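On a predicted model such as this, the values are computed, not experimentally measured, just so you know. Protein chains get the first letters and strands the later ones, always in sequence-line order, with residue 1 at the start of each. Note: hydrogens, waters and symmetry copies are ignored here, and every other heavy atom, side chains too, is used.
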Amino acid sequence: MAIRIYNTLSGRKENFETIKPDKVSMYVCGPTVYDSCHIGHARSVVVFDVIARYLKSQGYEVKYVRNFTDIDDKIINRANELNEKPAGLASRYIEEFHTDMDALYVERPSYEPKATDHINQIIDVINRLIEKNIAYEIDGDVYFSVDKFKGYGKLSGRKLEDMEAGARIDIDKRKKNPFDFALWKSTKPGEPFWPSPWGNGRPGWHIECSAMSCEYLGETFDIHGGGKDLIFPHHENEIAQSEAAFGKAFAKYWVHNGFVNINHEKMSKSLGNFLMIKDVIKRYHPEVVRFFLLSNHYRSPIDFTDKAMDEAVVGLDKIYALLQRLSDNTDCSGKDGNRPGDCWNRFCEAMDDDFNTAKGIGIIFDTVRQLNKQLDQKTTITPDITKILQIAYADLIRTGQVLGVFCLDPVKYFESKKSNAIGKLDIDEIAIEKLIKERIEARKAKNWAKADEARDRLSDMGIVIEDRPEGTIWRIKE
RNA sequence: GGCGGCAUAGCCAAGUGGUAAGGCAGUGGUCUGCAAAACCAUUAUUCAUCAGUUCGAAUCUGAUUGCCGCCUCCA
């Protein structure tokens with residue numbers, strides 16, 4: 001079954017065919033490191049993490065590049081505000097990016113190149129463009145001439161003529177066309193700079209991606225990803241630069257993820273509603289955050305609300321509870337799990353269709369329900385049933401490894417949730433254990449009134465208890 | 001003004017030509033001393049509205065309405 005990917009370039013789902021058999025080359029635009037990462041960064045990074053994981057699970061060797069933009073106006077401005085060196089600021093936020101993404105169980109890409117480490121490659125690409133008379137230099141600045149690239153606008157579906165009518169654009173009379181964009185910016189006092197054939201300066205924003213994707217993946221590669229907002233101008237400009245410079249098609253498949261809204265509103269500086277990853281994971285388990293982010297199709301917008309997050313918590317708990325129940329009831333490590341079963345096959349069908357994680361999660365829940373049903377049967381577990389359980393367990397673990405959720409030991413997951421809540425809610429574990437013991441004694445004596453009183457007192461403390469076959473357990477009320 | 005997207009039950013959400021996945025919430029039931037958890041049943045003759053194509057449309061076409069994004073830094 002072929003993988004189908006929605007390609008922004010064609011506006012359609014296309015069959016995924018790699019340039020080299022069994023190998024995928026993928027470039028995703030990473031952050032400009034001038035501030036902490038927000039939940040929107042998390043979505044993009046998690047989505048492409050899952051895409052890379054899925055492709056690997058299908059037997060592809062994935063070469064995945066995600067860059068850091070570590071030189072840029074925003075970095076310089078911020079560094080000036082903080083009276084800090086731009087390079088220091090950037091490296092601080094790169095470190096924080098790694099801390100956040102590691103916390104979200106994001107696998108590191110094959111390469112994480114920085115713009116400032118590739119100034120030579122950037123200069124080479126600019127030189128090619130100047131040689132071909134597609135770029136021109138004015139007073140130490142170098143601009144890309146959009147009129148010289150006939151495909152300009154093909155990704156975003158814009159025409160230069162249309163845009164000139166209504167767009168707000170800076171009037172720089174030196175530019176040949178108002179949409180010409182900077183490849184190289186001459187240095188201003190106090191700014192970091194590198195020497196170049198056009199004098200000291202620094203690269204423009206778009207050129208680094210053209211230079212670095214070529215450096216690591218070649219002139220043509222399979223997948224180029226990023227947030228929807230990057231389609232124009234960033235990715236449009238990347239295509240123009242690379243295709244003009246190398247005379248070849250740039251990326252085959254353009255994949256763009258949708259935005260995260262906060263309570264139905266776009267995150268914006270004016271609303272001050274930026275949700276930082278480091279704050280979100282204080283409130284929610286990182287796997288809950290992933291599970292939430294993957295509960296919608298990656299191209300649709302997703303709305304971050306308390307209700308949606310609470311549902312993600314309930315859903316993930318349900319899956320973990322089933323996994324624990326399975327491993328309590330049967331030996332899940334049996335070899336019958338080596339061959340994928342129905343759950344995995346259906347999950348792959350969903351993922352093959354433009355990485356439909358929302359549908360995949362539906363299949364997981366479907367499987368969870370079936371397994372709970374099986375385990376509810378009072379009949380003894382026969383070898384045949386054990387086999388079914390082993391296969392389903394292995395399948396669920398496989399899907400979890402692609403999505404990067406429910407990958408922890410269930411016991412540890414629930415314990416970490418518990419200890420987290422205990423820390424926050426000031427819960428007295430000893431008192432809880434004592435009340436539970438009291439209740440067990442009362443129940444043995446069939447003193448239901450006393451047993452219920454103990455349970456009520458626990459409930460007042462925010463504790464729910466469950467009488468399971470293997471004993472009474474307690475957990476924090478959601 | 002230009003370009004693009006979305007509209008599916010109380011809520012969230014899959015489904016892009018063959019007769020509406022899944023989750024949350026609700027109701028009834030099984031289980032339980034009672035609960036909790038789990039399971040079962042139930043919840044859209046219908047997919048914003050109107051018209052068209054088709055044997056057949058939530059899915060395709062056109063129009064209308066409403067919401068949103070990009071065009072300026074933005075995941």
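Atom P of B/G52 sits at a distance of 23 Å from the matching atom of B/G18, rounded to the whole Å. On the P atoms, B/A37 is 16 Å away from B/G23, given to the nearest whole Å. Atom P of B/G17 sits at a distance of 15 Å from the matching atom of B/C6, rounded to the whole Å. Rounded to a whole angstrom, the distance from the P atom of B/C11 to that of B/G2 is 34 Å. Nucleotides B/A48 and B/A9 have their P atoms positioned 8 Å apart, rounded to a whole Å. Remark: the separation of the P atoms in B/A25 and B/G66 is 36 Å, to the nearest Å. For B/A20 and B/C31, the P atoms lie 33 Å apart once the distance is rounded to whole Å. Using atom P as the reference point in both B/U19 and B/A57, the two lie 12 Å apart (nearest Å).
Side chains of A/Glu287 and A/Tyr320: a donor on one and an acceptor on the other come within 3.5 Å.
Applying salt bridge (Lys or Arg N to Asp or Glu O under 4.0 Å) to A/Asp354 and the options A/Lys13, A/Lys359, A/Arg299 leaves one that passes, A/Arg299.
Atom CD of A/Glu433 sits in a crowded spot, with more than 12 heavy atoms from other residues, nucleotides or ligands closer than 6.0 Å.
Taking 4.0 Å as the cut-off between side-chain N and carboxylate O, A/Asp467 and A/Arg439 count as a salt-bridged pair. With salt bridges taken as basic N to acidic carboxylate O contacts below 4.0 Å, none links A/Lys373 and A/Asp376.
B/A75 makes up no base pair with any nucleotide shown, lacking Watson-Crick or G-U wobble contacts both under 3.5 Å. For B/A63, the paired nucleotide is B/U49, the pair qualifying as Watson-Crick or G-U wobble because both relevant distances are below 3.5 Å.
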Sort me out a list of protein N/O and nucleotides 12-17 of chain B N/O pairs below 3.5 Å, or just none if empty.
{"residue": "B/A13", "atom": "OP1", "partner": "A/Asn296", "partner atom": "ND2", "Å": "3.3"}
{"residue": "B/A14", "atom": "OP1", "partner": "A/His297", "partner atom": "N", "Å": "3.0"}
{"residue": "B/A14", "atom": "O3'", "partner": "A/Asn356", "partner atom": "ND2", "Å": "2.7"}
{"residue": "B/G15", "atom": "OP1", "partner": "A/Asn356", "partner atom": "ND2", "Å": "2.7"}

Protein-nucleic acid N or O pairs under 3.5 Å, nucleotides 73-75 of chain B:
{"residue": "B/C73", "atom": "O3'", "partner": "A/Lys74", "partner atom": "NZ", "Å": "3.4"}
{"residue": "B/C73", "atom": "O2'", "partner": "A/Lys74", "partner atom": "NZ", "Å": "2.5"}
{"residue": "B/A75", "atom": "OP1", "partner": "A/His41", "partner atom": "NE2", "Å": "2.9"}
{"residue": "B/A75", "atom": "O5'", "partner": "A/His41", "partner atom": "NE2", "Å": "3.1"}
{"residue": "B/A75", "atom": "O2'", "partner": "A/Gly227", "partner atom": "N", "Å": "2.6"}
{"residue": "B/A75", "atom": "N1", "partner": "A/Val260", "partner atom": "N", "Å": "2.8"}
{"residue": "B/A75", "atom": "N3", "partner": "A/Gly40", "partner atom": "O", "Å": "3.3"}

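Residues that satisfy the side-chain contact (heavy atoms from CB on, under 4.5 Å) test with A/Thr69, not counting sequence neighbours, are A/Thr32, A/Asn67, A/Asp72, A/Trp205, A/Glu208.
With rounding to the nearest 0.5 Å, the separation of CG in A/Asn237 from OH in A/Tyr152 is 3.5 Å. Rounding to the nearest 0.5 angstrom, the gap separating the CZ atom in A/Phe291 from the CG atom in A/Asp317 is 10.0 Å. Between A/Asn80 atom CG and A/Glu191 atom CD the span is 8.0 Å, to the nearest 0.5 Å.
Within residues 151-158 of chain A, the residues having any heavy atom closer than 4.0 Å to RNA chain B are, in order of number, A/Ser156, A/Gly157, A/Arg158.
Geometrically, A/Lys74 engages A/Tyr34 in a cation-pi contact, judged by NZ or CZ lying under 6.0 Å from the ring centre and within 45° of the ring axis.
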How does protein reach along nucleotides 30-39 of chain B, written 5' to 3' as B (base within reach of a heavy atom under 4.0 Å), S (only sugar-phosphate), or - (no contact)?
---BBBBSBS

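In this pair, A/His235 and A/His256 present their aromatic rings tilted. The plane angle is within the 30 to 60° band. Between A/Phe304 and A/Tyr284, the ring-plane angle classifies as perpendicular under the 30° and 60° cut-offs. Using a 30° and 60° split on the angle between ring planes, A/Tyr27 and A/His224 fall in the tilted class, from 30° to 60°.
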Let me check something: any side-chain donor-acceptor pairs from residues 454-466 of chain A under 3.5 Å, sequence neighbours excluded? List them with distances.
{"residue": "A/Arg455", "atom": "NH2", "partner": "A/Asp452", "partner atom": "OD1", "Å": "3.4"}
{"residue": "A/Ser459", "atom": "OG", "partner": "A/Lys477", "partner atom": "NZ", "Å": "3.0"}
{"residue": "A/Glu466", "atom": "OE1", "partner": "A/Arg468", "partner atom": "NE", "Å": "3.1"}
{"residue": "A/Glu466", "atom": "OE1", "partner": "A/Arg468", "partner atom": "NH2", "Å": "3.1"}
{"residue": "A/Glu466", "atom": "OE2", "partner": "A/Arg475", "partner atom": "NE", "Å": "2.9"}

